[in-house]
Amino acid sequence: MKLTDIIKQLPYSEPFLFVDELLHADENGVTGTYTFKENLDFYKGHFKNNPVTPGVILTETMAQIGMVCLGIFLLGNELGENTVIAFTSADMEFLKPVYPNEKVTVTSEKLFFRFGKLKCNAIMKNEAGQEVCRGVLAGMITKRL
């Protein structure tokens with residue numbers, strides 16, 4: 001599966017798509033990037049006159065790149081119209097703020113994928129290579145009835 005095909009199969013669209021490109025994907029993990037454009041709506045109020053990317057958005061970005069893209073890669077040809085990918089848990093540690101126009105890179109490593117449950121370690125770094133946040137993400141992949 002081509003990396004661009006994985007992105008096309010994501011169940012998100014603007015303004016809730018937080019994946020610009022995938023750099024690598026294999027059965028053990030993925031790496032991808034996203035740039036937080038300064039015109040994103042949440043910057044208007046988080047925080048006034050000092051915009052910072054909310055932790056929940058950083059978590060979502062890590063989940064989209066590190067877990068959902070990995071799940072799509074692992075499913076391969078089994079992915080269909082009735083496939084549902086659900087985010088089930090995150091244990092995150094936030095280390096540095098992310099500001100408007102910053103590009104981040106997310107790398108995930110699969111811990112396990114069995115019985116429709118995917119769990120992985122994920123790390124987000126800024127362009128300077130500094131860790132912004134890290135955590136353990138989990139989700140379920142099921143078929144809609």
Side-chain angles (χ1 to χ4, degrees), residues 1-43 45-46 51-145:
M1 178 179 291
K2 293 180 182 179
L3 298 177
T4 53
D5 293 337
I6 294 171
I7 294 172
K8 288 177 187 172
Q9 295 195 45
L10 285 168
Y12 314 105
S13 62
E14 294 291 338
F16 208 72
L17 174 64
F18 299 110
V19 182
D20 287 334
E21 74 175 322
L22 289 180
L23 305 172
H24 171 81
D26 65 25
E27 64 279 352
N28 296 310
V30 298
T31 300
T33 67
Y34 182 72
T35 300
F36 290 97
K37 295 142 200 90
E38 67 183 341
N39 64 342
L40 291 168
D41 205 43
F42 51 80
Y43 286 132
H46 193 269
V52 176
T53 309
V56 69
I57 299 296
L58 297 177
T59 302
E60 180 65 27
T61 303
M62 290 179 72
Q64 287 186 20
I65 295 172
M67 191 187 65
V68 180
C69 288
L70 178 57
I72 290 170
F73 177 86
L74 293 172
L75 283 175
N77 293 333
E78 295 178 42
L79 186 69
E81 286 183 31
N82 292 329
T83 302
V84 176
I85 301 173
F87 188 39
T88 59
S89 68
D91 183 7
M92 300 295 298
E93 184 177 1
F94 300 98
L95 307 166
K96 292 191 174 296
V98 174
Y99 299 104
N101 295 316
E102 277 199 77
K103 181 178 182 177
V104 296
T105 300
V106 174
T107 301
S108 73
E109 177 185 41
K110 177 182 74 177
L111 295 173
F112 66 81
F113 178 54
R114 58 183 172 268
F115 306 117
K117 180 96 174 178
L118 175 60
K119 190 172 189 177
C120 56
N121 280 322
I123 295 172
M124 178 183 285
K125 293 184 178 182
N126 61 22
E127 287 183 282
Q130 300 166 319
E131 277 191 33
V132 170
C133 55
R134 61 177 166 236
V136 178
L137 306 168
M140 293 180 63
I141 301 169
T142 61
K143 298 282 184 187
R144 184 178 18 215
L145 301 177

Exercise for review: Check V106 against G66 and note the closest heavy-atom contact, atom names and distance.
Suggested key: CG1-N, 4.1 Å
Review point. What closest approach, in Å, do P100 and P51 show between heavy atoms, and which atom pair accounts for it?
Key: CD-O, 3.4 Å
Practice item. Nearest 0.5 Å please: distance from the CD atom of Q64 over to the CG atom of L70. Key: 14.0 Å
Check your understanding: Are there more than 12 heavy atoms of other residues, nucleotides or ligands under 6.0 Å from atom NZ of K110?
Key -> yes
Practice item. For F112, look at atom CZ and say whether over 12 heavy atoms of other residues, nucleotides or ligands are found less than 6.0 Å away. Key: yes
Exercise for review: For residues N126 and V98, determine if any side-chain heavy atom of one lies less than 4.5 Å from a side-chain heavy atom of the other.
Suggested key: no
**Study point:** Side-chain donor/acceptor of T88 to backbone N/O of A138, under 3.5 Å
**Key:** yes
Exercise for review: Just grab all the side-chain hydrogen bond (donor to acceptor under 3.5 Å, both in side chains) pairs involving residues 92-106, residues at least two apart or on different chains.
Suggested key: E38-N101, E93-R134
Study note, to complete from the structure: Heavy-atom nearest pair, M92 first then C133, reads CE-SG, 4.1 Å
Review point. For the residue pair A63 and F87, what are the closest heavy atoms and their distance?
Key: CB-CE1, 3.9 Å
Review point. For the side chain of K119 and the backbone of V136, is there at least one donor-acceptor N/O pair under 3.5 Å apart?
Key: no
Check your understanding: Is there side-chain contact between E21 and T4, with heavy atoms separated by less than 4.5 Å?
Key -> no
Practice item. Begin from the C-alpha positions of C69 and L22 and carry the test side-chain contact (heavy atoms from CB on, under 4.5 Å) through to its verdict. Key: CA-CA 9 Å; C69 288; L22 289 180; 4.0 Å; yes
Show every donor-acceptor pair shorter than 3.5 Å between a side-chain atom in residues 7-20 and any protein atom, with sequence neighbours excluded, or say none if there are none.
| from | atom 1 | to | atom 2 | distance (Å) |
| --- | --- | --- | --- | --- |
| D20 | OD2 | T35 | N | 2.8 |

Review point. In Å and rounded to the nearest 0.5 Å, what is the CZ to CE distance from F94 to M124?
Key: 8.5 Å
Revision key, fill the gap. Here the pair of heavy atoms bringing D26 nearest to F73 is C-CE2, 3.2 Å
Point to revise | Taking every non-hydrogen atom, the tightest pair across P97 and V52 | key: CB-CG1, 4.0 Å
Review point. About how many Å separate CD1 of I57 and CZ of F42, when rounded to the nearest 0.5 Å?
Key: 5.0 Å
Exercise for review: Could you tell me the separation between the CZ atom of F113 and the CD atom of E27, rounded to the nearest 0.5 Å?
Suggested key: 12.5 Å
Check your understanding: Taking it one step at a time, do I85 and L118 satisfy side-chain contact (heavy atoms from CB on, under 4.5 Å)?
Key -> CA-CA 10 Å; I85 301 173; L118 175 60; over 6 Å; no
Revision key, fill the gap. Rounded to the nearest 0.5 angstrom, the OG1-CD1 distance for T83 and I141 is 8.0 Å
Practice item. Measure the CG-CE distance between L74 and M67 for me, rounded to the nearest 0.5 Å. Key: 11.5 Å
Check your understanding: Passes side-chain contact (heavy atoms from CB on, under 4.5 Å), V104 versus F36? Steps please.
Key -> CA-CA 8 Å; V104 296; F36 290 97; 3.7 Å; yes
